[in-house]
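Proteins get letters first, then strands, A, B, ... in listed order; numbering begins at 1 in each.
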Amino acid sequence: MRRGEGHAHLAPFSFKVAALMLDIAFIRQNADAVRAAIKNKRVDLDLDLLLTTDKERRTLLGELEQKRARKNEIAQLISKASKEDRPTLIEEGKAVKVALEQREPAMTEVQKRFDELMLKVPSLPRPEVPIGVGEEDNVEIRKVGTVRTFDFKAKDHVELMTLHGMVNWEGPRKFAGGRSYALMGTGALLELAVTRLAVDTLVERGLTMVIPPVMVKERAMTGTGFFPLGREEAYAITADELFLVGTAEVPLVSLHADETFEASALPIRYAGISNCFRREAGAYGKDTKGLYRVHQFTKVEQVVFCVPDEEMAEKEHYQLLGNAEAILAKLEIPYRVALACTGEIGLGQTRKHEVESWMPGRNEGKGAYNETHSCSTLGDFQARRSNIRVRTADGTTAYAYTLNNTAIASPRILIPLLENHQNADGSITLPKALVPYMNGVTVLRPKA
RNA sequence: GGAGGGGUGACCGAGUGGUCGAAGGUGCUUGAUUGGAAAUCAAGUGUACUGAAAGGUACCGGGGGUUCGAAUCCCUUCCCCUCCGCCA
């Protein structure tokens, strides 16, 4: 993490709106920029292969279209032709048809290869995004709140939750497998409390609450950019060809797939709550202790659709970030905001801020900031894939912009909540804002 | 799960093999009229791909088939509606 650069690092936005749009024409004309994005985002994609495939595709398309034009012409002529001329024309029509049928499989095949490659093309990171590989290259923007120094031996969340009987660790692992858990008693109540606090905060700030489906078709996964590259991460329900979502972002964005908004209808701001399911493939052995990384969790997610206007998207982005920060403030959890580097942002994200909460028990008890929220701008990446458009004042259409940010994810958020607010005797003093959601209880006491 | 009905442009809605990218209406845009507006009249008004352009191609829920030719015929699939069954 590079420090102290903060906002000074932010460069003025230098792309025109159109330049962000990754259609094949743009890719052809800006191959170098795309190549850089592929490299910096560490995407496994051979751009030259895409470009030659595109060339192949267009050549074949031209050929086919010529044949089709002739086919249409002949069909047209036959309807007007005399009895004598008909047989000849029908013969030619048949010939053209056969020629078409011979070439069409090649087109289908090329198109398929082309589409598969296109789905792997990343969006271009915005200019202010630092180039880097891993977490250590993220740039800290600011720290908020004071990290507490304990005058006693602080416990980590596993100890605390065990002490309070908040989790059944063992039972679920037997019948549901690794990374399973059951929230019990005050643990379960706390999850309901923090999610409800988050929901109320967002509703108060004008977002519309949504409880969406969590089983979705492949189209939704691809449309939001999680497939094909993140396929391994999703649970599949093969009998019905459905997938369990890893975030409500998927159904919330898909809610408007294939729609064309009137510009006046935007922005649309949603707060969705859902269970989230993640296989955590590739994270074997990582964060296996406790509730930091689990297969199933509850998340309140914010999703915004807005017109494709950079200034507007900026405003929305920082508003989403502000919403998350407001929730952390209510929970009185110290946190920091960082700008994720190119290697850490997703295929579709053009910029991502991470909000990392202070977790005293991490890093072998020395404490660490760890991600609890991530705030992303995706430009028109998802809108392209999901076919979500906006009709502008002059009657033309363009792809909408989408943004999203976590509001709260539990049980992960319970880690900083419990660890930061613990007392020497193992009791936990709840932040004031949470008390009403816990039916007036101000201090949680360990089970006797 | 069983039986039936339906999916056409921003919206309503016509269209059962060629002259249909699609009548008519609504809406919208522009112009005329008006002091201004309403009303009226006239013209225009889908999307995507491809091409330097002219143009061409594709799209009537999705996919496939029949045919020289498909919105129209056939198969299949998804979604919606009605009735029956089951059910939190």
Side-chain angles (χ1 to χ4, degrees), chain A residues 18 21-29 50-119 121 211-223 237-243 251 254-266 268 275 305 307-308 380-381 383-400:
Chain A
M21 299 164 87
L22 282 185
D23 62 15
I24 186 61
F26 174 85
I27 296 168
R28 280 199 294 267
Q29 287 154 22
L50 173 63
L51 292 174
T52 52
T53 307
D54 173 48
K55 190 109 198 252
E56 208 181 320
R57 171 187 143 264
R58 280 186 297 151
T59 307
L60 202 46
L61 186 62
E63 189 196 321
L64 281 177
E65 289 194 341
Q66 264 180 21
K67 288 196 167 74
R68 285 191 192 129
R70 182 59 185 159
K71 179 185 101 166
N72 291 343
E73 198 184 348
I74 292 166
Q76 207 56 231
L77 288 171
I78 288 172
S79 67
K80 291 180 207 137
S82 63
K83 267 200 196 88
E84 302 82 69
D85 292 343
R86 280 197 177 214
T88 335
L89 285 168
I90 288 178
E91 276 317 302
E92 194 192 342
K94 279 183 184 170
V96 173
K97 183 188 167 186
V98 169
L100 262 173
E101 280 169 352
Q102 274 170 358
R103 295 301 279 153
E104 271 166 351
M107 184 64 200
T108 310
E109 190 272 329
V110 173
Q111 186 69 44
K112 187 172 166 246
R113 274 192 281 131
F114 175 74
D115 289 343
E116 279 167 8
L117 290 167
M118 278 297 279
L119 285 176
V121 177
I211 302 180
V214 295
M215 298 185 291
V216 301
K217 295 183 183 179
E218 178 161 1
R219 168 81 206 281
M221 299 300 274
T222 308
I237 302 165
T238 49
D240 296 288
E241 292 181 71
L242 294 171
F243 298 88
S254 301
L255 220 41
H256 295 288
D258 295 322
E259 280 184 33
T260 304
F261 292 115
E262 295 301 329
S264 59
L266 298 179
I268 289 176
N275 285 117
F305 299 85
V307 294
D380 66 2
F381 182 85
R384 278 182 175 279
R385 294 175 163 233
S386 297
N387 192 27
I388 300 168
R389 291 180 292 172
V390 187
R391 193 183 314 285
T392 53
D394 61 6
T396 59
T397 57
Y399 289 105

Inset, instruction - For A:Thr222, check side-chain contact (heavy atoms from CB on, under 4.5 Å) against everything at least two apart and list the hits. - result: A:Leu119, A:Glu218, A:Phe227, A:Arg385
Inset, instruction - Determine the Euclidean distance between corresponding C1' atoms of B:A54 and B:G15; express it in Å to zero decimal places. - result: 33 Å
Legend entry - Complementary nucleotide for B:G9 - Watson-Crick or wobble, under 3.5 Å: none
Inset, instruction - Counting Watson-Crick and G-U wobble pairs only, both distances under 3.5 Å, name the nucleotide matched with B:A48, or none. - result: B:U57
Legend entry - Partner residues of A:Asp115 under the side-chain hydrogen bond (donor to acceptor under 3.5 Å, both in side chains) criterion, sequence neighbours left out: A:Gln111
Legend entry - Separation of the P atoms in B:G64 and B:A42, to the nearest angstrom: 44 Å
Legend entry - A:Phe114: partners by ring pair (Phe, Tyr, Trp, His ring centres under 6.0 Å), with sequence neighbours left out: none
Inset, instruction - In whole angstrom, give me the gap between the P atoms of B:G85 and B:A3. - result: 15 Å
Legend entry - For atom CD of A:Glu262 and atom C1' of B:U45, their distance in whole Å: 14 Å
Using nucleotides 48-55 of chain B, report all nitrogen or oxygen pairs with the protein that are shorter than 3.5 Å.
from: B:U50; atom 1: OP1; to: A:Arg57; atom 2: NH2; distance (Å): 3.4
from: B:G51; atom 1: OP1; to: A:Arg58; atom 2: NH1; distance (Å): 2.5

Legend entry - Rounded distance in Å between the P positions of B:C49 and B:G4: 42 Å
Inset, instruction - Please measure how far the P atom in B:G17 lies from the corresponding atom in B:U50, and state the result in whole Å. - result: 36 Å
Legend entry - Set of residues satisfying side-chain hydrogen bond (donor to acceptor under 3.5 Å, both in side chains) with respect to A:Lys67, sequence neighbours excluded: A:Glu63
Inset, instruction - Return the set of residues passing side-chain contact (heavy atoms from CB on, under 4.5 Å) with A:Val110 (not counting sequence neighbours), or none when no residue passes. - result: A:Thr53, A:Glu56, A:Arg57, A:Leu60, A:Arg113
Inset, instruction - Could you tell me which nucleotide pairs with B:U66 by Watson-Crick or G-U wobble geometry, both distances under 3.5 Å, or answer none if nothing does? - result: none
Inset, instruction - Report yes or no: does A:Ser386 contribute a side-chain atom to a donor-acceptor pair with the main-chain N or O of A:Ala257 at less than 3.5 Å? - result: no
Legend entry - Listed once per pair and sorted, the salt bridge (Lys or Arg N to Asp or Glu O under 4.0 Å) pairs that draw on residues 80-100 of chain A, sequence neighbours left out: A:Arg70-A:Glu92
Inset, instruction - Quickly work out the A:Asp258 CG to B:U47 P distance and round it to whole Å. - result: 16 Å
Inset, instruction - Identify whether any heavy atom of A:Gln66 sits under 4.0 Å from a base atom; if not, whether one sits that close to sugar-phosphate; answer base, sugar-phosphate or nothing. - result: nothing
Legend entry - Base partner of B:U40, which must satisfy Watson-Crick or wobble distances under 3.5 Å: B:A32
Inset, instruction - For B:A70 and B:G62, measure between their P atoms and round to the nearest Å. - result: 16 Å
Legend entry - Non-neighbouring partners of A:Ala95 that pass side-chain contact (heavy atoms from CB on, under 4.5 Å), sequence neighbours left out: none
Inset, instruction - Encode nucleotides 67-81 of chain B as B, S and - characters from 5' to 3', where the letter depends on protein heavy atoms closer than 4.0 Å: B to the base, S only to sugar-phosphate, - to neither. - result: BBS--------S---
Legend entry - Residues which pass side-chain contact (heavy atoms from CB on, under 4.5 Å) with A:Asn387, listed by chain and number, not counting sequence neighbours: A:Arg219, A:Asp258, A:Arg389, A:Tyr399
Inset, instruction - For A:Glu101, look at atom CD and say whether over 12 heavy atoms of other residues, nucleotides or ligands are found less than 6.0 Å away. - result: yes
Inset, instruction - Name every residue in residues 99-119 of chain A that has at least one heavy atom under 4.0 Å from any atom of RNA chain B, in order of residue number, or write none if there are no such residues. - result: none
Legend entry - Enclosure of A:Gln66 CD (heavy-atom neighbours >12, cutoff 6.0 Å): no
Inset, instruction - Determine the Euclidean distance between corresponding P atoms of B:U29 and B:G65; express it in Å to zero decimal places. - result: 44 Å
Inset, instruction - Could you please name the partner base of B:G1, counting Watson-Crick and G-U wobble pairs only when both distances are under 3.5 Å? - result: B:C84
Legend entry - Whole-angstrom distance between B:G6 and B:G61, as gauged at atom P: 13 Å
Inset, instruction - Rounded to the nearest 0.5 Å, what's the gap from CE on A:Met215 to CG on A:Asp240? Could you check? - result: 8.0 Å
